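FYI, side chains are in, hydrogens and waters are out, and symmetry mates aren't considered; it's all heavy atoms of this structure. Computed from a predicted structure; not experimentally measured. Numbers restart at 1 for each chain; the letters A, B, ... are given by sequence-line order, proteins then strands.
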Amino acid sequence: MTIRVVFGEDNYLAREGILRVLEDEEDIEVVAICGDFDSLRSAVGDERPDVVLTDIRMPPTTTDEGIRLAAELRTTHPDVGVVVLSQYAEPLYATKLLEAGSDRRAYLLKDRVQYRTDLARAVREVAAGRSVVDPRIVDVLLTAQQRRHDDSRFDALTPREHEILGLVAEGWSNGAIAERVVLTKRAVERHINSIFSKLDLGDSENTSRRVKAALLYLAGRAG
Amino acid sequence: MLLGIGVAGVVATGVTAWAVANSPILVNRTGDVIWRSLFVAVYVAVGEYTWWRRPESPLGPLIAGLGFVYALTSLNAAGAPLAYTIGMVAWAGYIVFTGYVFLCFPRGWLESTLERRFMLAFAFGTAVVWALILPLSLTLPAGSDFTNCGTDCPHNALQIVSGDASTGKALVIASNVLFTAAALGVAMFVFHKARSPGHLRRRAVTPLAVVVIVQIFEFVLSLFLPSAFPETAGTLKVLNGLTYVGIPVAMFAGQVRGDIFAAVRLSRIAMHRSAEAVTPAAVQTMIRDALGDPTLELSIWAPERAGYVDPDGAPMSLPQDTGARAVTEITRDGQPVAALLHDSSLDTDSDVVQGLAATSLMLLDNTMLVEELRRSRLRIAETGDRERRRLERDLHDGAQQRLMAIQIKLRMLQDSTEDQEIAGQLEAIGIDAEAAVEELRSLAQGIYPPVLRDYGLADALRAFAMLTPTRIAIVDNGIGRCPRAIESAIYFCSMEAIQNVVKHAGDEVRATATLGRDGGRATFAIADDGVGMDTSAPGDGDGLGGMRDRIGAVGGELRIASTPGVGTTVRGTVALDPGVAGAHGWEDAS
């Protein structure tokens, strides 16, 4: 099954680069390319894509159009996934994107695109209803929290658990996490349950919802 | 000049005393010597004072002149008919002259057409009556209490037609009626002035009005009381003498009262400077209060328009100087600076208005300088802010996108090459490019955080606090979006304060950044419970001066309070004048 993508990017170099990355992915088809907020919005209505891949800032105001479009689509097209490509390694934008719900949302740094599998994976994940947060975003939050020592529950976690919490915030499934940390899936599940109950983060089953919980915890906005 | 007049005054007083004391005809010589020489001396003295105090006003010469004219009347003390006649003519002139000086007080000249017509009629009427008395009447009017020669009065030396005795009597009565009517008229004018809306004028004229009332009272009593009770005559004469002396004294008191009033107002204006912001509107109010003219309007010369503007900055042209409204232009070095549009009854030529003009000029100058400095600092802050945003944009949208395109090409090249060595070198270049992107990103972030532009102060500080090694709580009580230069100033100042907390306040510190609004002002505070610091320490290693400058540049204030062991609070407010800076946070003018 092909994932139909509407792509919004006003910068020529970035647009060409990203299209080249995507053209080799056989299951991803870019059906429309737009250079500003309004045409992107109407393209979503016309094309009914599975995923919108968009630059975070676009004309007319070149501020946070990508985030605003994602919030808007949450109500107008709840089935459409959104991958926001951003030049800002700024966690606040990621929390803004996930605030209204983290399913079908991905926040990816633009320089991540060079690793073509990461971009394709983000498109596939949001198409499948899950979430992705750029590892760099999670990393700066995790590092800051580790330096801060203002939450004894967090400090009580093992380094392995910190790592797993980070991977959860990035949006990885239990299986993928198990592969990365070289543990069994069962062991990973146990770790995650333990982390979530220690930090009082609620449900750890839903991979998309737990992304939001983990990210907001690290951003100091919850927990 | 003044010395000469003083000497002349002493001589006139002496001559008057001598003439009266040696008079063969006056009824009460001893009393008259004292009174008449006293009148001359006091008039000349008050005239001298007025002259010295207000050299530009004719009031001083007028009052002194009254003294000399009164001295001339002492010719009537002589027994010789010709001297007596000249003395009495001088007395008639003195009566008219007194009326004129009353009407000229305090300004020095007649102000209204009505006053001019009245004086003209008074002088003309007196001239006509006396032109008839002198050739036709055997006797002359008796004059006042102090020229009383009873039955010994000499005859009119200038009589040339010996007509019917009743004609002379009728003319003398006509003269008395004329003087009485004129005195009442003068009294009306004085009372009118005493009720003037101008504070200054009211203060100047009121003593004179009081004396005039007493004099009228005494005059009416003297018509009836002495005939019924002859023993009251002496008392009434003393009262009359006192009111005569009271006239110059009242003129003196009026001027001193006016001066004190003006001095108090001027000092109040001067004090005002430090009390609150001096806007053109505030200066207008000050001058209105000081001069007691609530209709006064201040116009300020705007060199860039080559015209006047009102206190709100709207262009205006000065009206013509009409009867009711007068215009006083204030110039310096020949250049117009401001103009006062005021009620024409205002005492515009006195020292008071000059002083006020000078003071208000100084205040305006000061205001304009402060305003220009404020605008200039704000312009610099705004320009700096705009440049920061432009740089941030260029880095994020230009350089960074280009680097990203290079990264993609590198990776593609790396994927397509079979040569392991080249692939390794491409990998190394890719790592360099990644480091470059990272540096670029933090550079752009430091220059101007995009979150500040996109979401405002509260989110920008939240974003900053997410990454600080000390947890900072951000409490937003609704600061909302502010003009960009103000947001930048508050952001960078708060960031500096937070960095100080992180650096110095200790490991266990808890800190809160509070944002809000108070009226038309944005408020912010960064408080910690850390070790505190010495805010008065020189050197300013922690950028306290820089923080103050940032906030000061956008017209705000910063206070830093620190107690060792208790903590430090940095607190600031910035007025959100919508006219001052771009009203929107996100619209980019560049």
### Query
Do any of residues 417-438 of chain B have a heavy atom less than 4.5 Å from a heavy atom of chain A, and if so, which, in residue order?
B:Glu434, B:Val437, B:Glu438

### Region of A:Thr143 that comes under 4.5 Å of a non-hydrogen atom in chain B
neither

### Query
Going through the distances and angles, do B:Asp397 and A:Gln87 end up as a side chain to side chain donor-acceptor pair (under 3.5 Å)?
CA-CA 8 Å; B:Asp397 286 352; A:Gln87 46 276 63; 3.1 Å; yes

### Task
Any chance you could measure B:His396, atom NE2, to A:Ile56, atom CD1, to the nearest 0.5 Å?
10.0 Å

### Query
To the nearest 0.5 Å, what is the distance between NZ (A:Lys110) and CD (B:Gln401)?
3.5 Å

### Query
If you measure from CZ on B:Arg453 to CG on A:Asp64, what distance do you get to the nearest 0.5 Å?
8.5 Å

#### Entry: Residues forming a salt bridge (charged side-chain N to carboxylate O under 4.0 Å, His left out) with B:Asp394, sequence neighbours excluded
B:Arg390

### Query
What pairs with A:Ser194 under side-chain hydrogen bond (donor to acceptor under 3.5 Å, both in side chains), at least two apart in sequence or on another chain?
A:Glu161

### Summary
Between A:Thr61 and B:Arg393 the two heavy atoms that sit nearest each other are O-NH2, 4.4 Å

### Query
Where do A:Pro91 and B:Met466 come nearest, in terms of heavy atoms and distance?
CB-SD, 3.8 Å

### Closest approach of B:Ala463 to A:Glu90 (non-hydrogen atoms, all atoms of both residues)
CB-OE2, 3.4 Å

### Task
List the atom of A:Tyr88, the atom of B:Pro450, and the distance in Å for their closest heavy-atom pair.
CE2-CG, 3.4 Å

### Message
Set out, in order, the CA-CA distance, both residues' side-chain angles and the distance that settles side chain to side chain contact (heavy atoms under 4.5 Å, CB included) for B:Arg462 and A:Leu92, then state yes or no.
### Response
CA-CA 8 Å; B:Arg462 273 186 203 114; A:Leu92 189 112; 4.1 Å; yes

### Query
Should B:Asp454 and A:Arg57 count as an ion pair when the cut-off is N to O under 4.0 Å?
no

### Those residues of residues 7-24 of chain A, ordered by number, that approach chain B below 4.5 Å (heavy atom to heavy atom)
A:Glu9, A:Asn11, A:Leu13, A:Ala14, A:Gly17, A:Ile18, A:Arg20, A:Val21

### Task
Can you tell which part of A:Gln145 gets under 4.5 Å to a heavy atom of chain B, answering side chain, backbone, both or neither?
side chain

### Message
One pair to check against side chain to side chain contact (heavy atoms under 4.5 Å, CB included): B:Asp459 and A:Lys96. What are the steps and the verdict?
### Response
CA-CA 10 Å; B:Asp459 274 335; A:Lys96 288 265 179 199; 2.6 Å; yes

### Task
Would you mind telling me which of B:Val451, B:Leu403, B:Ile406 has the largest number of heavy-atom pairs within less than 4.5 Å of chain A?
B:Val451

## Note on the structure
For A:Arg148 and B:Thr468, the nearest pair of non-hydrogen atoms, with its separation, is NH1-O, 2.9 Å

